[in-house]
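The block underneath contains the structure these notes are about, expressed in structure tokens.
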Amino acid sequence: MDSAPLRPASQPHLDEGHPPPLEAAPVSWKSVGPCKSLREPPGGLAEASVGEEAPGEEDPAAAQLDVLRLRSSSMEIREKGSEFLKEELHKAQKELKLKDEECERLSKVREQLEQELEELTASLFEEAHKMVREANMKQAASEKQLKEARGKIDMLQAEVTALKTLVITSTPASPNRELHPQLLSPTKAGPRKGHLRHKSTSSTLCPTVCPTAGHTLPPDKEGKEVDTVLFAEFQAWRESPTLDKTCPFLERVYREDVGPCLDFTMQELSVLVRAAVEDNTLTIEPVASQTLPAMKVAAVECGSTNTCALSGLARACRHRIRLGDSEGHYYISPSSRARITAVCNFFTYIRYIQQGLVRQDAEPMFWEIMRLRKEMSLAKLGFFPQEA
């Protein structure tokens, strides 16, 4: 740079009118080293000018070197950043894998809990349905037992009333002939026409009811002998009375007496009558002969001919039966009525034994059952007391 003209500080200003002083030419000041003398050789100036131009020549190389250094440092930074990101990615993948495993485990636990909950719900519903079903069955059984108990009470009351009536109307002076059938006259006690049997057979089966046999015996003088097999079966049944048909005692009675006695011509109605007798739901009612209505029973017209609904024969039907709670009635002949009443008497007596109403030893009870079986056999063979 060019410097301003130097003036000596101690030189005062010259007055105007005097010639101006000489001024020094401007010279650039540069430090080129220690001065040994006031004057430098001309070569010193040349060296100084060459020294000034040297830094300008070195600037491009330094800039290139700086660029290379920047590039190498950026590469190092990139490599370190890439390694760091890879490590972070690896950590993130590990954490994600652990989370996936945890999610899978939790999903399995959830599925297991859902399955257990479904099984528990199903078992609870099944148990609830089972309890409701058992409660309904118990209620139905209780209602059935109540109905049977009421029926038994009504039956017992009716039987007690009937027994009281029979006892009151039977006196030594005028005995009731229904209580004492042996007092019936021979014309009324004998078998009806059309039911005659051979004399030898009639005398062995019915000595008290068939005097035409020629050698009748009073009931108290009949010969008796206990059948050991029958008595053993009866004693086994008496220890635990039941109405089950599979026990040996009742199975024999069903096979030998009840079945044949209730085996009528009209098989379909016979099955219904037998079921009603076993269930104690059969009713026999007397009917006046002049008021018998006309009705169809088992495909047979019951009009003026008065046909028996069980045998299908034309007979004077003075009684009719009703099965259970049905409103329909079936008209029956005296022979059919005798067969049904004989079976009903047997069932009534064994029901009394089952209920503990019979206070007797085993042998009297056995002989009473044999007498009832005898009545069933005679009714099956066609013997019955003729009504007045």
Side-chain angles (χ1 to χ4, degrees), residues 1-140:
M1 288 182 67
D2 294 336
S3 60
L6 298 176
R7 293 178 181 177
S10 59
Q11 186 178 357
H13 290 281
L14 296 178
D15 294 334
E16 294 181 358
H18 294 282
L22 295 175
E23 294 180 1
V27 180
S28 59
W29 296 84
K30 292 188 178 181
S31 177
V32 291
C35 294
K36 293 183 179 180
S37 62
L38 296 176
R39 281 189 172 182
E40 291 183 357
L45 294 175
E47 289 177 2
S49 62
V50 173
E52 290 177 358
E53 294 178 0
E57 294 178 358
E58 291 178 358
D59 286 341
Q64 187 176 3
L65 181 61
D66 291 339
V67 170
L68 292 176
R69 287 177 182 175
L70 289 174
R71 287 181 180 177
S72 63
S73 61
S74 64
M75 291 294 292
E76 290 178 359
I77 292 172
R78 287 181 182 178
E79 290 178 358
K80 290 182 180 180
S82 176
E83 291 179 359
F84 176 76
L85 291 176
K86 287 181 180 179
E87 291 178 358
E88 292 295 327
L89 179 62
H90 186 64
K91 290 181 181 179
Q93 289 177 347
K94 277 188 176 181
E95 292 178 357
L96 184 60
K97 185 177 181 181
L98 292 176
K99 288 182 180 180
D100 290 340
E101 293 177 354
E102 184 70 16
C103 291
E104 186 177 358
R105 186 182 66 82
L106 292 177
S107 63
K108 289 182 179 179
V109 172
R110 186 186 64 181
E111 291 176 358
Q112 184 178 1
L113 290 177
E114 289 178 353
Q115 184 177 2
E116 291 179 357
L117 181 61
E118 290 179 358
E119 293 177 355
L120 180 61
T121 305
S123 62
L124 287 177
F125 273 105
E126 184 178 358
E127 188 69 21
H129 286 304
K130 184 179 178 182
M131 293 174 65
V132 172
R133 185 168 57 252
E134 290 178 354
N136 292 335
M137 292 176 62
K138 289 181 180 179
Q139 182 180 359

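Quick caveat: nothing in here was measured; it's all calculated off a predicted structure.
Between Lys130 and Glu127, no side-chain nitrogen of the basic residue sits less than 4.0 Å from a carboxylate oxygen of the acidic one, so the salt-bridge criterion is not met.
How far CG of Leu96 is from CD of Glu101: 10.5 Å, rounded to the nearest 0.5 Å. Atom CD in Glu95 sits 11.0 Å away from atom NE2 in His90 (nearest 0.5 Å). A distance of 11.5 Å separates CE of Met131 from CZ of Arg133, quoted to the nearest 0.5 Å. For the atom pair Lys99 NZ and Glu102 CD, the distance stands at 11.0 Å (nearest 0.5 Å). Interatomic distance, CE of Met75 versus OG of Ser82, reported as 10.5 Å (0.5 Å rounding). To the nearest 0.5 Å, atom CG of residue Leu113 and atom CG of residue Leu120 are 11.5 Å apart.
At least one donor-acceptor pair under 3.5 Å links the side chain of Ser107 to the backbone N or O of Cys103.
Enclosure of atom CD in Glu126 is not indicated, since only 12 or fewer non-hydrogen atoms of other residues, nucleotides or ligands lie within 6.0 angstrom. The neighbour count for Glu119 CD, taken as heavy atoms of other residues, nucleotides or ligands under 6.0 Å away, is above 12.
The closest side-chain heavy-atom distance from Glu118 to Thr121 is not below 4.5 Å. By the 4.5 Å heavy-atom criterion applied to side chains, Glu111 and Gln115 are not counted as neighbours.
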